[in-house]
Amino acid sequence: MISEYNPQEIEPKWQKHWADTDAFKMTEDHDKPKKYVLEMFPYPSGDIHMGHVRNYTIGDVIARYSKMRGYDVLHPMGWDAFGLPAENAAIKHKSHPAKWTYANIETQKASFKRMGFSYDWDRTVVACDPEYYRWGQWIFEQFWKKGLVERRESPVNWCPECKTVLANEQVTEGRCWRCDSVVEKRDLTQWYFKITDYAQELLDDLDKLEGWPERVKQMQANWIGRSEGAEVDFALCDADGNPTDETITVFTTRADTLFGCSFFLLAPDYKGLEEMVAGTQYEAGVKEVIEEAKKTTAVERAQGDKEKHGAFTGRYVVNPINDEKIPVWVADYVISDYGTGAVMAVPCGDQRDFEFARKYDLPIIPIILGKDDPLFEQLDGVQERKITSVDWDKAYDAEGILVQSGKYTGMVGGKHSPAVDAIMEDLAKAGKGKKTVQFRLRDWLISRQRYWGNPIPAIHCEHCGVVPVPEEDLPVLLPEDIDLAAGETLATHEEFINCTCPVCGRPAKRETDTMDTFTCSSWYYLRYTDPHNKELPFDKDKVNRYMPVDQYIGGIEHAILHLLYSRFFTKVLRDLDLLDFDEPFTNLLCQGMVKDEHGETMSKSKGNVIAPEDMIAKYGADAVRAYILFMAPPDKDLQWSTDGLEGMWRFLNKVWRMVQILAGVEDDYSANNVNNEISDEQIKKLASDLTRELNRVVGKVTDDFEKFGFNTAIAALMELVNTTNAYLKVPADKRDANLCIEVAEKLVMMLSPITPHFSDELWHEVLGHGEDLNDTPWPDYDPELAKASEVEIVVQVNGKIKARVNVPADISEDDAKELGQKTVAEQIEGKTVRKVIYVPGKLINIVAK
RNA sequence: GCCCGAGUGGCGGAACGGCAGACGCGGAGGUCUCAAAAACCUCUGUCCACCAGACGUGUGGGUUCGAAUCCCACCUCGGGCACCA
């Protein structure tokens, strides 16, 4: 009797079996090639949603497939467990963040097990576990020793809602990445990782990442933002207008336009600006600009087309190219933390400077022109300054010819132009400038004014300054007795704060900031290679064996943040001689987002999060796994709809019955499909069709798995099922039993990475195998058997299809061309055949006039 | 403004420069059944009464015997960066 497919029964059964037999425990079999398959670890926010299901299903299929292909697979899972949501939940429920976090971890872990994911749970890393975060502190101290940690005061992004500072990467269009509040600028002393020291290498090594999506590399390159230019020194004049030895340096990519520099700009928060105007008649005007700029939010700045404001400072600087004195203004569009915070303004060649000059009536001197500019005729070849105003309505920022530019007149100007080189060479000789490179990337601000994070292991001593906690005293533990709901923080926790200075032994204060949670996720993948190490974050041999990650899978939202930080960590740890590779992730698959029925991104606040539980209850985890893979290629965004899930359920049921029939279990399902009149010849043809299809599909599915074409792999499996179904027309006693078993076994094997419970049940209970599919080698195929002996080819006349003919697959080119012409004799009658194109197995195209 | 992607039936999506729409969903009809469900079998891009045929991969050009695919221009949508000097 044929049995019914009941996932509710078999899924828990196999999950228990896998757990009982440690099926996914890593064997560390060094005779096999290694493969590290990793999905980005989740934040334990609550239960899992379809985005998790998609991400982890993709990873699980790759891991299971790799295991069958004979790799020593490392496939771990953990939790990115520090962070603000836990703290907010704790405040709301008058509880402790750890309680919320660990409860959610248990929930998610149960869901992952219910999905049948093949993780080695003995290697789990939980970021808020002292066993893990102590090594985060240890690594911080190694960075510190190497000079990559800095504590300094500067304007920083402050999120009023999250009540903490944020890294540059965590601010999008002036808003907090987590809560979307408008961030404020504040001057605060904060801790930084000097990621900018690695800017060039982080940019250069993107070229090594052939297995990364181009768009992610592009985004990182944009973010790093390398800009080649020059630093030029302008001598500052004293209050009476006499040049001094003091200089102000600007960064420019357009040194060729120095002759057009008619004023000079400082950022509102330029260091020393207030002192410069203190007590002068210009103080009030400058201060007004400074105050206004402070009020302007980053969101408003991001608009871009904001009206510019500025004020004269009363001071002058000397343009080094022509010794001209030009006025220094403060301007709100100059950014203090890019370049030097000072800008040489060239209104004729820069749209922003142009607008500023128009508004404040400053001279616009044309020094670079296009050849078709009406002014060009008057100024062509003119070296001295003749014209000091223009009637343009916008700046000319393209490549052009220099005019009114002294000996450089006539040269081609523009970014990276010969004029830039010539001018910089001369300025360098005079000691007034040099070529340099600027990066948009800023240092990574890692301190957070929050409790639920990894404490920064530092001690503030009045006598010794800021000193690291001795390594033997690590970890600095988070105090557990804290009442966040009552407003307590680390900064109010006396017991935590008070300590002794490890250098001088006097009473001292502990640092109360914690580290950005992105520090935790920047190295967790290394810890998985050696998760229980008590001496070091990881053993060098082990990390070198399993790293880099061969296949990393996660969302595009981490294209910059997590992936850039992790690359930085890896490079620093390499330079600390803790590991021997340059990049952490060899291949990266960014799976597309799962959106709701209306194409909206899912979020808790919108209340449109779709959870898999109901679907699992109705159709089982295997159907959900298969369906989400079948919906779209993994890297494409996907609009969720349950419409096709029923179809996947039908498919699995069909396979379920089919395998039993193929294995010889009593056949009552195909009764109305059986054709008792079928001829021996037809039987033979159906069998050879099936043999060919089986070999073709094993080849196709193997190829598709290699390139993550899971949707087409599943489609190919459906095609095999359809062909098998056609074969089942043959009455049971006339079927080729060996072929039937071969089809059943290979079908089940190929399905097993996608639908593991379903497959193991059939494998053991119907096909009678003892070993789990997880330990079974991937099926092979014979490419020769996948070839058809006869193929249908298309006959075209002038590229239009006119007929189809069946030909032997090995037909000669001449025979094919002749047959083609015979087939369409009518259509080409009276025309001259100019050319006949034959594509073997595909078509014959007859070009006739 | 700069830099990436993507536009294919009613829907999700297939197609090394070579039969557009595989596979699935949805839809229509049928078999089985007292009936229904399930299962099974046909059909299902558009136009045309049918055949024949014509038209069809965002738009317009081009290359080619042949273009969804390659090139150019444009349109629309999505993403990233952005007063970055």
Side-chain angles (χ1 to χ4, degrees), chain A residues 4 172-173 213-223 225 227 229 250-254 257 265 267 300-308 331-335 337-346 349-353 355-356 397 415 438-440 556-557 559-560 593 599 627 630-633 635-648 650-651 653-654 657 668-674 709 711-719 721-722 725 728-729 792-801 803-804 834-848:
Chain A
E4 288 287 313
T172 315
E173 288 187 352
E214 209 48 50
R215 61 176 170 152
V216 174
K217 290 191 275 186
Q218 206 92 43
M219 281 162 75
Q220 291 212 355
N222 278 346
W223 187 260
S227 186
V250 298
F251 173 76
T252 177
T253 56
R254 293 296 303 275
T257 62
L265 302 170
E300 285 165 320
R301 284 179 75 96
Q303 300 299 316
D305 48 2
K306 236 194 127 257
E307 197 186 327
K308 294 159 180 52
D332 62 354
Y333 66 96
V334 178
I335 299 164
D337 55 356
Y338 181 77
T340 61
V343 171
M344 60 176 240
V346 183
D350 183 286
Q351 186 56 26
R352 295 155 301 179
D353 298 341
E355 287 167 23
F356 195 80
D397 57 7
K415 275 194 181 185
Q438 270 293 326
F439 292 94
R440 220 190 62 94
I556 187 74
E557 66 273 20
I560 294 170
M593 286 199 285
Y627 177 55
F630 184 59
M631 283 183 86
D635 55 340
K636 258 192 90 166
D637 281 357
L638 177 157
Q639 201 166 317
W640 181 258
S641 154
T642 42
D643 289 350
L645 185 51
E646 185 83 31
M648 190 53 71
R650 280 203 286 266
F651 171 70
N653 274 283
K654 194 168 181 172
R657 291 187 299 264
D668 55 2
Y669 131 90
S670 63
N672 55 2
N673 190 27
V674 169
N711 55 331
T712 48
I714 293 168
L717 290 166
M718 288 171 166
E719 286 172 312
V721 166
N722 292 342
N725 197 51
L728 292 179
K729 268 190 258 187
E792 188 189 76
I793 62 173
V794 170
V795 185
Q796 298 179 330
V797 177
N798 297 330
K800 301 245 176 198
I801 297 157
R804 290 158 210 276
R834 295 246 172 113
K835 204 173 177 185
V836 179
I837 288 142
Y838 172 59
V839 183
K842 302 266 183 184
L843 58 74
I844 299 160
N845 186 15
I846 296 155
V847 186

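Everything numeric here is computed off the predicted structure, so don't read it as measured data.
Residues satisfying the side-chain hydrogen bond (donor to acceptor under 3.5 Å, both in side chains) test with Asp635(A), not counting sequence neighbours, are none. Taking Gln639(A) as the reference, nothing meets the side-chain hydrogen bond (donor to acceptor under 3.5 Å, both in side chains) condition, with sequence neighbours excluded. Residues satisfying the salt bridge (Lys or Arg N to Asp or Glu O under 4.0 Å) criterion with Asp350(A), sequence neighbours excluded, are Arg352(A). By the side chain to side chain contact (heavy atoms under 4.5 Å, CB included) test, Ala715(A) is found to be paired with Phe630(A), residues two or more places apart in sequence or in another chain being considered. Gln351(A) pairs by the side-chain hydrogen bond (donor to acceptor under 3.5 Å, both in side chains) definition with Glu355(A), not counting sequence neighbours. Listed by chain and number, the residues in a side-chain hydrogen bond (donor to acceptor under 3.5 Å, both in side chains) with Thr712(A) are Asp704(A) (sequence neighbours excluded). Every residue meeting the side chain to side chain contact (heavy atoms under 4.5 Å, CB included) condition with Asp637(A), not counting sequence neighbours, appears here in chain and number order: Met593(A), Lys595(A). Evaluation of the ring pair (Phe, Tyr, Trp, His ring centres under 6.0 Å) rule for Tyr627(A) yields Trp640(A) as partners, not counting sequence neighbours. By the side chain to side chain contact (heavy atoms under 4.5 Å, CB included) test, Asn798(A) pairs with Val847(A), sequence neighbours left out.
One interatomic measurement links the two molecules: CG of Asp353(A) to C1' of rC83(B), which rounds to 10 Å at whole-angstrom precision. The separation between Leu717(A) atom CG and rC23(B) atom P is 14 Å, rounded to whole Å. Rounded to whole Å, the distance from CZ on Arg834(A) to P on rG66(B) is 12 Å. Across the protein-nucleic acid pair, Glu214(A) atom CD and rA6(B) atom C1' stand 16 Å apart, rounded to whole Å. Summarising the geometry, the separation between CG on Asp635(A) and C1' on rC4(B) is reported as 14 Å, rounded to the nearest angstrom. Put simply, OH on Tyr627(A) is 9 Å from C1' on rG24(B), counting in whole angstrom units. Taking atom CD of Gln351(A) as the reference point, atom C1' of rC84(B) lies 16 Å away to the nearest angstrom. If you measure from atom NZ of Lys217(A) to atom C1' of rC3(B), you get 15 Å, rounded to the nearest angstrom.
Among the protein residues, Gly647(A) comes within range of the sugar-phosphate backbone only, with heavy atoms under 4.0 Å from sugar or phosphate atoms but none that close to a base. Backbone-only contact: Lys415(A) has heavy atoms under 4.0 Å from sugar-phosphate atoms and none from a base. Nucleic acid contact class of Asn722(A) (heavy atoms, under 4.0 Å, all strands): sugar-phosphate only.
For the pair Asn845(A) (side chain) and Gly799(A) (backbone), a donor-acceptor distance under 3.5 Å is present.
Where Asp337(A) and Asp643(A) each meet RNA chain B at their nearest nucleotide, the meeting point lying more 5' is that of Asp643(A). Along RNA chain B, the nucleotide closest to Leu645(A) and the one closest to Phe439(A) are compared, and the more 5′ of them pairs with Leu645(A).
For Val346(A) against Asp353(A), the heavy-atom pair with the smallest separation is N-OD2, 3.0 Å. Of all heavy-atom pairs between Ala559(A) and Gln220(A), the closest is O-NE2, 2.9 Å.
Residue Arg650(A) places no side-chain N or O under 4.0 Å from the OP1 or OP2 atom of rA38(B). For Lys654(A), a side-chain nitrogen or oxygen approaches OP1 or OP2 of rC40(B) to under 4.0 Å. An OP1 or OP2 oxygen of rA85(B) is reached within less than 4.0 angstrom by no side-chain nitrogen or oxygen of Tyr333(A).
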Which nucleotides of RNA chain B pair, in dot-bracket form (Watson-Crick or G-U under 3.5 Å, | meaning another strand): (((((((..(((.....[....)))((((((.......))))))(((.....)))..(((((..]....))))))))))))....
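Closest to the side chain of Lys308(A), out of rA39(B), rA85(B), rC83(B), is rC83(B). Among the nucleotides rC84(B), rC41(B), rA39(B), the one closest to any side-chain atom of Asn725(A) is rC41(B).
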Identify all pairs in which a protein N or O lies below 3.5 Å from an N or O of nucleotides 79-81 of chain B, and state each distance.
{"from": "rC81(B)", "atom 1": "O3'", "to": "Arg440(A)", "atom 2": "NH1", "distance (Å)": "3.1"}

Per-nucleotide protein contact along nucleotides 10-20 of chain B, 5' to 3', at a 4.0 Å heavy-atom cut-off (B base, S sugar-phosphate only, - neither), is --BSSS--BBS
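Glycosidic conformation of rC50(B) is syn; the angle stays within 90° of 0. With its glycosidic angle within 90° of 0, rG9(B) is assigned syn.
Glu214(A) is not listed as a side-chain neighbour of Met219(A), based on a closest heavy-atom distance of 4.5 Å or more.
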